[in-house]
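Heads up, the thing below is written out as structure tokens.
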Amino acid sequence: MVKVKVELGNRSYDILINTGILSKIGEFLLSFNFSSKVVVISNPTVFGIYGDIIMKSLKQAEFDASYILIPDGEEYKDYFWCYHIITQLLQKGLDRKSCLIALGGGVIGDITGFVASIYMRGISHIQVPTTLLAQVDSSVGGKTGVNHYLGKNMIGTFYQPRMVVIDISTLKSLSKREFFSGLSEVIKYGVIWDLHLFEYLEKNLEKISDLSDSYLFNIIKRSCEIKADIVSKDERESGLRAILNFGHTIGHAIETETEYKRFLHGEAVSIGMCLEAEISQRLGLLDIDASKRIKSLIASSTLPFQLPDGVSFSKLKLHIKIDKKKEADKIKFILPIEIGKVMIKEVKLEEFLDIYEKKSSCC
Ligand code: NAD
Ligand code: GLY
């Protein structure tokens with residue numbers, strides 16, 4: 001088993017990574033000073049597969065363990081379901097020393113972290129991510145939240161978990177489409193931070209796609225190290241952490257324009273990464289070969305790499321205009337300048353279309 005530490009002073013925590021460690025959760029929890037009541041928050045899909053293992057482990061460690069399930073889907077990541085969870089926590093008598101366990105993908109992780117941050121002014125929680133996206137991204141770093149009907153993730157907090165437990169073997173039951181959506185975030189880490197990771201992905205894509213344990217282990221560990229490093233340096237996104245949004249400015253706009261129905265998050269981010277790399281190239285910041293390599297790795301990962309029919313840049317511009325990360329009339333783009341290195345560049349909204357529509361020398 002490997003431990004990656006997220007260094008945040010007295011809020012530091014470990015990310016434990018291995019295969020088959022779900023059955024050790026009870027044991028891991030014993031090292032904290034939690035009261036005996038612990039509650040697993042999950043959905044029927046994930047709990048149906050992994051619920052027994054985790055409940056057995058908690059009971060063996062003599063916790064008074066119970067669970068709360070919410071329906072499966074992004075549409076349930078909302079305030080109503082938070083309220084429902086909180087009602088059940090109160091009925092179960094959870095106190096300030098109790099612990100919540102998020103068992104599932106990013107939806108479960110985000111809502112559980114948010115509830116933990118507001119229940120009785122904050123109780124402990126641990127993240128047990130079961131999608132690749134949640135293992136390499138959403139479970140680490142303390143962004144929690146739920147959606148408002150006027151915008152995604154518009155209600156939220158920064159609130160760190162006490163521990164993250166990544167059992168790689170849970171990826172075996174994940175659909176291939178969800179797996180590759182998560183891989184898009186791994187590619188992102190390669191582009192923004194680590195040429196070696198990018199090259200590793202290029203070289204070993206087949207073994208990774210076949211879910212070979214040692215290859216999965218390597219990419220998940222490296223992704224967690226990178227995220228831990230960035231979050232440790234800038235927990236609240238006052239600067240550096242923004243680079244994690246590479247591909248997301250355009251990606252989010254695509255998700256909004258297609259009403260979150262056509263693409264999974266990582267798929268929309270893939271298109272965003274290709275287009276943002278192209279913007280960088282058109283601005284003369286990234287060479288054509290690097291831009292092509294990014295697109296090629298994304299395409300080889302069976303991820304989309306271009307705007308879908310019916311979605312134009314002028315439509316996307318309208319969504320970018322109301323993005324919560326936009327400042328004044330400028331869009332903050334994360335632009336790769338070489339593979340493994342990015343810069344943050346503010347582009348005026350009106351310049352955005354010009355840049356994209358400018359004739360490119362390559363394509
Ligand atoms: P998800 O949580 O909806 O999970 C995707 C699907 O896979 C669901 O149907 C789920 O039930 C199923 N599933 C999960 N694990 C499984 C397993 N092991 N086997 C079989 N099925 C399994 O989606 P996601 O991609 O994990 O997360 C997306 C969410 O994460 C979004 O709400 C997004 O806003 C959020 N997010 C948060 C952060 C952050 O920093 N907090 C970062 C990125 C994304
Ligand atoms: N997923 C982006 C972040 O955690 O900052």
Side-chain angles (χ1 to χ4, degrees), residues 6 22 41-51 53-54 69-78 81 102-114 117 127-148 151-161 164 166-186 188-189 192 211 223-224 226-249 251-252 255-256 260 263-269 324-325 334:
V6 185
L22 275 190
I41 313 231
S42 191
N43 69 31
T45 313
V46 178
F47 198 80
I49 311 172
Y50 301 109
I53 306 177
I54 203 164
L69 303 186
I70 65 170
D72 186 356
E74 180 73 36
E75 64 270 39
Y76 303 104
K77 196 181 100 173
D78 68 6
W81 283 96
L103 173 71
V107 166
I108 291 294
D110 278 11
I111 195 167
T112 305
F114 182 61
S117 72
Q127 292 278 346
V128 185
T130 60
T131 62
L132 182 58
L133 182 130
Q135 294 181 351
V136 298
D137 187 5
S138 63
S139 67
V140 176
K143 280 191 182 176
T144 83
V146 293
N147 303 325
H148 187 278
K152 200 169 174 300
N153 295 326
M154 285 296 160
I155 304 166
T157 53
F158 282 100
Y159 194 70
Q160 302 294 341
V164 180
I166 299 180
D167 187 334
I168 289 171
S169 52
T170 57
L171 299 179
K172 310 268 188 233
S173 57
L174 192 65
S175 74
K176 277 285 179 203
R177 188 175 172 204
E178 290 287 354
F179 175 81
F180 285 112
S181 171
L183 194 65
S184 156
E185 298 286 356
V186 182
K188 177 191 80 180
Y189 290 121
I192 64 168
L211 306 186
S223 300
C224 288
I226 295 169
K227 182 136 189 199
D229 197 3
I230 293 171
V231 168
S232 299
K233 291 182 170 112
D234 177 25
E235 183 184 10
R236 289 186 171 240
E237 203 169 309
S238 43
L240 178 70
R241 186 166 178 167
I243 70 171
L244 293 170
N245 296 325
F246 170 53
H248 287 61
T249 305
H252 278 153
E255 285 181 291
T256 311
Y260 294 91
F263 297 105
L264 297 176
H265 176 69
E267 294 172 340
V269 168
K324 67 178 180 302
K325 295 193 176 86
I334 312 304

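Order of appearance sets the numbers: ligands from 1, and atoms from 1 within every ligand. Basis for what follows: all heavy atoms, side chains included, without hydrogens, waters or symmetry-related copies. Since the structure is predicted, the reported quantities are computational estimates derived from the model, not experimental observations.
By the 3.5 Å distance cut-off applied to N or O atoms, Arg241 is counted among the residues near ligand 2. Distances between N or O atoms of Lys143 and those of ligand 2 include at least one value under 3.5 Å. The N/O atoms of Lys77, backbone and side chain alike, include one that comes under 3.5 Å of an N/O atom in ligand 1.
In terms of protein heavy-atom proximity, atom 15 (N) of ligand 1 is nearest to Thr130 OG1, 2.7 Å. At the shortest separation from atom 11 (O) of ligand 1 among protein heavy atoms lies Asp72 OD2, 2.9 Å. For atom 13 (N) of ligand 1, the nearest non-hydrogen atom of the protein is Val46 CG2, 3.7 Å. Of all protein heavy atoms, the one lying nearest to atom 38 (C) of ligand 1 is Ser138 CB, 3.2 Å. For atom 30 (O) of ligand 1, the nearest non-hydrogen atom of the protein is Gly106 CA, 3.3 Å.
Looking at Asp110 against ligand 1, only its side chain comes within 4.0 Å, counting heavy atoms. Both the backbone and the side chain of Lys143 come within 4.0 Å of ligand 1, judged by heavy-atom distances. Contacts with ligand 2 closer than 4.0 Å are made by side-chain heavy atoms of Lys227 only, the backbone lying farther away. In Val231, neither the side chain nor the backbone holds a heavy atom less than 4.0 Å from any atom of ligand 2.
Scanning both residues, Thr157 and Ser117, for their nearest heavy atoms gives OG1-OG, 3.0 Å. Taking all atoms of both residues into account, the shortest heavy-atom contact from Gly106 to Ala134 is N-CB, 3.7 Å. Contact between Ser232 and Val6 at its shortest, heavy atoms only, is OG-C, 4.0 Å. Of all non-hydrogen atoms in Gly141 and Lys227, the two that sit nearest each other are CA-CE, 4.5 Å. Across all their heavy atoms, Cys224 and Ile166 have their closest contact at SG-CD1, 3.7 Å. Here the closest heavy-atom approach between residue Ser181 and residue Leu264 is recorded as OG-CB, 3.6 Å.
Compare Ser173, Gly48, Ala134 by their heavy atoms: the one nearest to atom 19 (N) of ligand 1 is in Ser173. Considering Val140, Leu174, Asn147 only, the shortest heavy-atom separation from atom 22 (C) of ligand 1 involves Leu174. By heavy-atom distance, the residue among Glu185, Glu74, Gln127, His265 lying nearest atom 31 (C) of ligand 1 is Glu74. Here the shortest heavy-atom distance to atom 3 (O) of ligand 1, taken over Asp137, Asn43, Val107, belongs to Val107. Scanning Leu133, Val146, Ile111, Thr131 for the heavy atom closest to atom 26 (O) of ligand 1 points to Thr131. Considering Leu133, Val136, Asp137 only, the shortest heavy-atom separation from atom 1 (N) of ligand 2 involves Asp137.
Atoms of ligand 1 found under 4.0 Å from any heavy atom of Glu178, numbered from 1 in the order shown, are 5 (C), 6 (C). Within ligand 1, counting atoms from 1 as listed, the ones closer than 4.0 Å to a heavy atom of Thr45 are 11 (O). In summary, the atoms of ligand 1 found under 4.0 Å from a heavy atom of Lys152, numbered by their order in the structure, are 31 (C), 32 (O), 33 (C), 34 (O). For ligand 1, the atoms lying closer than 4.0 Å to a non-hydrogen atom of Tyr50 are 18 (N).
Tyr76 places none of its side-chain heavy atoms less than 4.5 Å from the side chain of Val107.
A side chain to side chain donor-acceptor pair (under 3.5 Å) with Glu235 is found for one member of Lys143, Gln160, Arg241 and no other, namely Gln160.
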Does Glu75 form a side-chain contact (heavy atoms from CB on, under 4.5 Å) with Asn147? I'd like the steps, not just the answer. CA-CA 8 Å; Glu75 64 270 39; Asn147 303 325; over 6 Å; no
